[in-house]
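Bear in mind that the values here come from a model prediction, so they are computed numbers and not experimental data. Every heavy atom of this structure was used, including side-chain atoms; hydrogens, water molecules and symmetry mates were not.
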Number of protein chains: 2
Amino acid sequence: MTKMNRESRFRDFLSTKGLKYTPERGIILSAILSIKGHFLVEDLYAHIRQSEQGISLATVYRTIPLLLEGGVVREVPSPQGKVAYEQILGNEHHDHLLCTSCGKVIDFKDDLIEKRQDAVCDSHGFEPQGHQMVIKGYCRACASKNK
Amino acid sequence: MTKMNRESRFRDFLSTKGLKYTPERGIILSAILSIKGHFLVEDLYAHIRQSEQGISLATVYRTIPLLLEGGVVREVPSPQGKVAYEQILGNEHHDHLLCTSCGKVIDFKDDLIEKRQDAVCDSHGFEPQGHQMVIKGYCRACASKNK
DNA sequence: ATAGCAATTGAGAATCAATCGCAATTGGAG
DNA sequence: CTCCAATTGCGATTGATTCTCAATTGCTAT
């Protein structure tokens, strides 16, 4: 999907909710589309400042819930307590192994787990929007270091 | 396991790390053992104050990492951004469905998912300590309400 | 086109959980 | 019993996020 397409999708989403597509929101969206992997709010803000377009940090924070609801980004787990995000398009869903020793994040995906998750949701009449799975422990390097 | 047993386990854990078993840590441990389900730091602190034993909030915060590492409590997901805990004994491991609309939390456990998680860890040489899985979406009530 | 109004913005103040600094205290190994 | 590193309390501090509010500005209906 092209950038233009994504912009108009976001615009439609806003419109449906009676919200406006402002230049600021456009700039924030562009910045996000230019970031491939995970990013923190501070990363996003840095990107925006770099591109010489000044936007208030408050506006960035205010826009994030819209981007989440509009299906532009999703939350991803991050080493510390901070919340990280990634754009949904181009980042296939995956789960995470998180090393509590060195902070390393390992992505993985297991189809069987996904299937069972759907089954669990069905059995509870639960309508899933998305999920996050984080397995904490020691990565190979840290595990052997501790021995 | 008796309360005394758990105290001495925690005491052993501390001792192994060259740390002390202080009255404050004893009070905090007792308070946790008296709470059955999930609790936030503020809940724990309230419990402690209730029992007329004054402890600094800072001490509570400082003790939590020890309780985590010592296997007394584990983190559990909570509706908002706050971190919640529960004592491990008496609370079998389970995963969570979290309704983003009403905040309801539904516990579940799926053995097959657990097995696959272990398999994934093996294949990455990853030594798991624990995991958290949260599936966000709409619970039955909220899903039907939205229609 | 244009008026009108609700939505939006920036900037700084405010919040709130969590952490820190430091002087006084204390558990517990030897 | 001694001694020292670990611990505590309390207040100050941090740092992320949210809020306030006056000034702007999309956007819908005319």
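The nearest whole Å value for the distance from the CZ atom in A/Arg25 to the C1' atom in D/dG26 is 10 Å. With rounding to whole Å, A/Leu68 atom CG is found 14 Å from D/dT17 atom C1'. Separating the OH atom of A/Tyr85 from the C1' atom of D/dA16 is a distance of 11 Å, rounded to the nearest angstrom. Note: CG (B/Leu14) to P (C/dT26) measures 18 Å, nearest angstrom. To the nearest angstrom, P of D/dG15 lies 17 Å from OH of A/Tyr45. When the P atom of C/dG28 is taken as reference, atom CG of B/Asp12 falls 11 Å away, rounded to whole Å. Rounding to whole angstrom units, CD1 of residue A/Ile27 and P of D/dT25 are separated by 13 Å. As rounded to whole Å, 17 Å separates atom P of C/dG28 from atom NZ of B/Lys17.
A/Asp43 contributes a side-chain N or O that, together with a main-chain N or O of A/Leu40, makes up a donor-acceptor pair within less than 3.5 Å. Side-chain N or O atoms of B/Asn91 include one that pairs as donor or acceptor with a backbone N or O of B/Lys36 at under 3.5 Å. At least one donor-acceptor pair under 3.5 Å links the side chain of A/Ser30 to the backbone N or O of A/Gly26.
Residue contacts shown for B/Leu57 are absent, as no nucleic acid heavy atom lies under 4.0 Å away.
Listed pair B/Thr22 / D/dT8 meets the phosphate criterion, a side-chain N or O lying under 4.0 Å from OP1 or OP2. Applying the 4.0 Å criterion to OP1 and OP2 of C/dA18, one finds that B/Tyr61 has a side-chain N or O inside that range. For D/dT18, neither phosphate oxygen OP1 nor OP2 lies less than 4.0 angstrom from any side-chain nitrogen or oxygen of A/Arg62.
Each of A/Thr22, A/Ile48, A/Val60 was compared with A/Ile27 under the side chain to side chain contact (heavy atoms under 4.5 Å, CB included) criterion, and only A/Ile48 meets it.
Distance from the side chain of A/Ala58 is smallest for C/dG12 among the nucleotides D/dA6, C/dG12, C/dT9. Here the nucleotide nearest the side chain of B/Val83, chosen from D/dG9, D/dC27, C/dA18, is C/dA18. Of the candidates D/dC27, C/dA17, D/dA6, C/dA17 carries the atom nearest the B/Glu42 side chain, counting heavy atoms from C-beta on. Nearest nucleotide to the B/Pro23 side chain, out of C/dA18, C/dA11, C/dG27: C/dG27. For A/Lys20, taking side-chain heavy atoms from C-beta onward, the closest of the listed nucleotides C/dG27, D/dT17, C/dA7 is C/dA7. Comparing C/dT8, C/dG10, D/dG9 against the side chain of B/Ile55 picks out D/dG9 as the nearest. You'll find that the side chain of A/Lys82 is closest to D/dA16, out of D/dA16, D/dT28, D/dT7.
Residues A/Leu19 and B/Ser15 both approach DNA chain C. Their nearest nucleotides, taken by heavy-atom distance, put A/Leu19 toward the 5′ side. When each of B/Thr59 and B/Gly18 is assigned the nucleotide of DNA chain D with its nearest heavy atom, B/Gly18 is the one assigned upstream, toward the 5' end.
Between A/Phe108 and B/His124, the two ring planes are tilted [angle within 30° to 60°].
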Using the side-chain contact (heavy atoms from CB on, under 4.5 Å) rule, take A/Cys121 and A/Glu127 through it: C-alpha gap first, then chi angles, then the decisive distance, then the call. CA-CA 7 Å; A/Cys121 288; A/Glu127 215 171 78; over 6 Å; no

